[in-house]
Amino acid sequence: MTDTELSDLYRGYIACLNSQDWPNLSNFVHEDVSYNDKRIGLSGYRQMLEGDFRAIPDLSFDIGMLVCEPPRVASRLLFDCTPKGMLFGLPVNGKRVRFAENVVYAFMDGRIFEVWSVIDKAAIEAQL
């Protein structure tokens, strides 16, 4: 897979998340996906994302930076949202917050197989 093909695939994945098109998530995420070195599988990954959207009704993934080096993608995702209650253990309770997530993905067979995520929790704390 070329850099451009991987970039297009990743952008399709982000569009899938933003439209909450859960039936098509398996087109982008491997059935044996791991998240931060824990094998959670496609069903666990989907449950995690659905929970994120329940906690943050206006959640939208915005690609701030994207680097593709097959079979890996590194992305800085930007968020500007209004979580309903707790967010990463912080009492946000409907306050609008802006923060970033730095994520590295490894692809296998054209789908995300490994995800390493670091969320800028300090940015959220500074806004509360």
Side-chain angles (χ1 to χ4, degrees):
M1 186 174 300
T2 68
D3 296 1
T4 301
E5 290 168 335
L6 192 55
S7 173
D8 291 345
L9 180 63
Y10 181 74
R11 290 176 191 282
Y13 162 71
I14 293 298
C16 178
L17 297 186
N18 284 334
S19 64
Q20 299 179 56
D21 186 6
W22 307 130
N24 284 314
L25 188 62
S26 63
N27 293 328
F28 302 98
V29 178
H30 196 279
E31 61 193 28
D32 292 322
V33 67
S34 68
Y35 181 83
N36 287 343
D37 285 329
K38 181 180 177 190
R39 186 91 38 220
I40 61 173
L42 178 60
S43 63
Y45 197 76
R46 178 177 171 167
Q47 288 172 0
M48 176 184 69
L49 290 166
E50 288 175 333
D52 291 343
F53 277 95
R54 278 192 302 277
I56 311 168
D58 62 347
L59 181 62
S60 181
F61 293 75
D62 181 25
I63 300 171
M65 183 185 312
L66 180 61
V67 178
C68 296
E69 187 177 302
R72 290 182 181 77
V73 166
S75 180
R76 181 169 175 81
L77 298 171
L78 306 175
F79 301 95
D80 183 348
C81 57
T82 314
K84 292 192 298 188
M86 298 293 283
L87 181 66
F88 313 120
L90 300 169
V92 178
N93 299 323
K95 181 175 176 146
R96 180 179 175 193
V97 292
R98 292 180 192 98
F99 62 96
E101 176 183 18
N102 297 310
V103 194
V104 177
Y105 305 84
F107 284 73
M108 184 172 73
D109 301 327
R111 294 183 292 164
I112 296 168
F113 184 69
E114 294 176 320
V115 180
W116 298 275
S117 165
V118 177
I119 294 171
D120 187 357
K121 188 175 171 181
I124 300 167
E125 290 172 328
Q127 296 169 69
L128 296 181

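Note: hydrogens, waters and symmetry copies are ignored here, and every other heavy atom, side chains too, is used.
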Problem - Heavy-atom check, side chain of R76 versus side chain of N102, under 4.5 Å - result: yes
Exercise for the section: Any chance you could lay out the side chain to side chain contact (heavy atoms under 4.5 Å, CB included) test for R111 and N27, step after step, and finish with the verdict? Expected result: CA-CA 7 Å; R111 294 183 292 164; N27 293 328; 5.9 Å; no
Practice task
State yes or no: do F113 and Y35 share one hydrophobic cluster built from I, L, V, M, F, W and Y residues joined by side-chain heavy-atom distances below 4.5 Å, directly or via other members?
Solution key: no
Practice task
Write out all pairs satisfying ring pair (Phe, Tyr, Trp, His ring centres under 6.0 Å) with one or both partners inside residues 60-82, taking only residues at least two apart or from two chains.
Solution key: F61-F79, F79-F99
Completion exercise
d(L59 CG, T82 OG1) to nearest 0.5 Å is 10.5 Å
Fill in the blank from the handout: Output for pair (R72 CZ, E114 CD), nearest 0.5 Å, gives 7.5 Å
Exercise for the section: Return the set of residues passing side-chain hydrogen bond (donor to acceptor under 3.5 Å, both in side chains) with S34 (not counting sequence neighbours), or none when no residue passes. Expected result: none
Problem - Under 3.5 Å: donor-acceptor pair, side chain of D120, backbone of A100 - result: no
Practice task
Write down the atom of S26, the atom of P23, and the distance for their closest heavy-atom approach.
Solution key: OG-O, 3.9 Å
Problem - Trace of the side chain to side chain contact (heavy atoms under 4.5 Å, CB included) decision for L17 with F28 - result: CA-CA 10 Å; L17 297 186; F28 302 98; over 6 Å; no
Problem - ILVMFWY cluster, I14 and M48 together (side-chain gap under 4.5 Å) - result: yes
Practice task
Show the numbers, then the answer: is there a side chain to side chain contact (heavy atoms under 4.5 Å, CB included) between L6 and D8?
Solution key: CA-CA 5 Å; L6 192 55; D8 291 345; over 6 Å; no
Exercise for the section: Please lay out, stage by stage, how L77 and I63 fare under the test side chain to side chain contact (heavy atoms under 4.5 Å, CB included). Expected result: CA-CA 5 Å; L77 298 171; I63 300 171; 4.1 Å; yes
Practice task
Might you point out which heavy atoms bring E125 and L90 nearest each other, and give the distance in Å?
Solution key: CG-CD1, 3.5 Å
Handout entry: Side-chain touch V92/I56, heavy atoms, less than 4.5 angstrom
Key = no
Exercise for the section: May I ask you to test the C68-Y10 pair for a side-chain heavy-atom distance under 4.5 Å? Expected result: no
Handout entry: Hphob cluster co-occupancy, V104 + V67, side-chain heavy atoms under 4.5 angstrom
Key = no
Exercise for the section: Answer whether the closest heavy-atom distance between the side chains of P70 and T2 falls below 4.5 Å. Expected result: no
Practice task
Check whether more than 12 heavy atoms from other residues, nucleotides or ligands sit under 6.0 Å from atom CE of M65, and answer yes or no.
Solution key: no
Practice task
Would you name the heavy atoms of E5 and M1 that are closest together and state the gap between them?
Solution key: OE1-CA, 3.4 Å
Problem - Shortest non-hydrogen separation from V33 to L42 and the atoms involved - result: CG1-N, 3.9 Å
Problem - ILVMFWY cluster, V73 and L78 together (side-chain gap under 4.5 Å) - result: no
Handout entry: Distance (rounded to the nearest 0.5 Å) between C81 SG and D58 CG
Key = 5.5 Å
Handout entry: Transitive ILVMFWY side-chain link Y105 to W116, under 4.5 Å
Key = no
Handout entry: Atom of V97, atom of P83 and distance for their closest heavy-atom approach
Key = CG2-CD, 3.9 Å
Practice task
For Q127 and R98, indicate whether the former's side chain and the latter's backbone hold a donor-acceptor pair under 3.5 Å.
Solution key: yes
Problem - Reported CG-to-CD1 distance for the pair L87 and I119, which is rounded to 0.5 angstrom - result: 7.5 Å
Handout entry: D32 side chain to R39 backbone, donor-acceptor under 3.5 Å
Key = no
Problem - For the student: nearest non-hydrogen atoms of N24 and C16, plus distance - result: C-SG, 4.0 Å
